[in-house]
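Both ligands and their constituent atoms are indexed starting at 1 by order of listing.
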Amino acid sequence: MTHTFAKKLGIATAAIALFATGSAVAAPKVDWSKVPEAQTTLFYPGQTSFEWVQTGTDHGGARSFVKKGDRCAECHGGEQKDMGEKMVTGTKAEKSVIPGKRGSIPMKIKATFDATNLYMRFEFPAGAHTAAPFAPGGKMDAENEIKLAMMVDPGKNDLQTRSGCWATCHDDNRDMPSAPAKDKLAAAKGIDVSGGYVTKYLADSRTAVELSGAARGGWDKVKPAAEVEAAVKGGAFMDLLRWKQGKNVSEDGYIAAERVMKGGEGVQFEGKKEGANWVVTMTRKLGSAQPGDVALEAGKTYTVGFAVHDDYTAGRFHHVSVDMRLGLGADGDIKAVKQ
Ligand code: HEC
């Protein structure tokens, strides 16, 4: 009797927690003071697309990245502050400068896991508002002061695993140098361009991607849907988790032929400003059978990348990490310890 009652009570408590957070994951509390901290610096990437990083005339590291098998982080880990300064001031690869914007954001990251979930905690200083001259009221996304996103790589494509987020960022994406004119978008097949632009995608989903010339990328060369779907099931995707601060919305999506912000097992973010810093926590189930989700396993290391849309920005006007390694009870830049 007591057992059944406790069980019922347990279910009721879980249901209340679900209702309160509006999310599919009800998470236990984590004692973050016991979890080791990693530090990194997110930087302003400007218009440095996946085509840009592979082109020698644009990028000093192109050959080493494409031919020698180097990871971005091997050359750039530690110099993100200087790099961000170049793009944010328009010295390099940035046409739409936002005056006064910071070039980089230091971030502290903690990760831990138990038998069911991965838990992460992000802390970074809030920035001053610097109005974007090209956005109404200076704010590109007036609803969200910040957004935080994490990509997780399934580890099936070498270039993707060595570059992280860059594999999804193309020269013909929104506000990028080769973005197709709105009246050309009707030619798009197999992707949703109703927003007036092409979202992130992976080269795997295209029959060809142009690396150089005036129109780089492969927005209009989407493979047939059945091929893309089969490829996603085989791991040709990038898992994408995102928190939108304004209305406290957590999204679990993925990128393949385009960005899809739904369909995953679910994720739950919570965040608030504590003094001068933003503190955001995340709970995500380790395992998942949903297409577009990486099923995480203890003992393995994954390539991950992080982005913060600071100060009401949208689209490419964000700060990003270089590719990082997240080890679940394994080695990595971020070592997730088992609870
Ligand atoms: C072999 C080393 C190496 C690798 C690997 C490498 N880069 Fe670079 N990267 C460079 C060099 C050299 C420059 C030019 C720096 C300069 O002009 O001062 C550069 C410049 C950049 C810049 C412009 C900012 C700046 O400081 O000039 C960005 C952004 C960038 N790289 C991103 C990447 C990304 C993303 C990857 C992985 C896809 C990558 N790099 C891989 C060496 C490398």
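- Between Trp52 and ligand 1 there is a heavy-atom distance shorter than 4.0 Å.
- At a 4.0 Å heavy-atom cut-off, ligand 1 does not touch Tyr44 at all.
- Aromatic ring orientation, Phe43 versus Trp166: parallel (interplanar angle below 30°, classes split at 30° and 60°).
- At least one heavy atom of Met87 sits less than 4.0 Å from an atom of ligand 1.
- If you check the side chains of Tyr201 and Asp172, you find a donor sitting under 3.5 Å from an acceptor.
- Listed by atom number, the atoms of ligand 1 under 4.0 Å from Asp70 heavy atoms are 1 (C), 5 (C).
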Open item on the list: Walk me through whether Glu51 and His170 qualify under side chain to side chain donor-acceptor pair (under 3.5 Å).
Closed with: CA-CA 6 Å; Glu51 289 75 26; His170 294 272; 2.6 Å; yes
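- Checked by distance only, ligand 1 and His76 come closer than 3.5 Å through their nitrogen or oxygen atoms.
- For Tyr119 and Phe113, the ring centers are positioned 6.0 Å apart or more.
- Considering only heavy atoms from C-beta on, Trp278 comes within 4.5 Å of Ile146 through its side chain.
- Judged purely by distance below 3.5 Å, without hydrogens or angles, the side chains of Gln268 and Thr283 never pair a donor atom with an acceptor atom.
- For atom 2 (C) of ligand 1, the choice among Cys165, Cys169, Pro45, Cys75 with the nearest heavy atom turns out to be Cys75.
- Distances from atom 8 (Fe) of ligand 1 show that Cys72 has no N/O/S atom below 2.8 Å.
- At least one N, O or S atom of His59, from either the backbone or the side chain, sits less than 2.8 Å from atom 8 (Fe) of ligand 1.
- Aromatic ring pairs are classed by plane angle as parallel below 30°, tilted from 30° to 60° and perpendicular above 60°; the pair Tyr254 and Phe237 is perpendicular.
- For ligand 1, the polar-atom distance check finds an N/O of Lys92 within less than 3.5 Å of one of the ligand's N/O atoms.
- Short contacts between ligand 1 and Ser163, defined as distances under 4.0 Å to a heavy atom of the residue, involve ligand atoms 38 (C).
- Closest to atom 25 (C) of ligand 1, if we only count protein heavy atoms, is Lys86 NZ, 3.1 Å.
- One side chain, Thr303 or Arg325, offers a donor N or O that lies under 3.5 Å from an acceptor on the other.
- For ligand 1, the atoms closer than 4.0 angstrom to any heavy atom of Val53 are 33 (C), 34 (C), 35 (C), 38 (C).
- For ligand 1, the atoms lying closer than 4.0 Å to a non-hydrogen atom of Ser64 are 1 (C).
- Below 3.5 Å of separation, one finds no N or O of Arg71 facing any N or O of ligand 1.
- For Phe306 and His319, the distance between ring centers is not under 6.0 angstrom.
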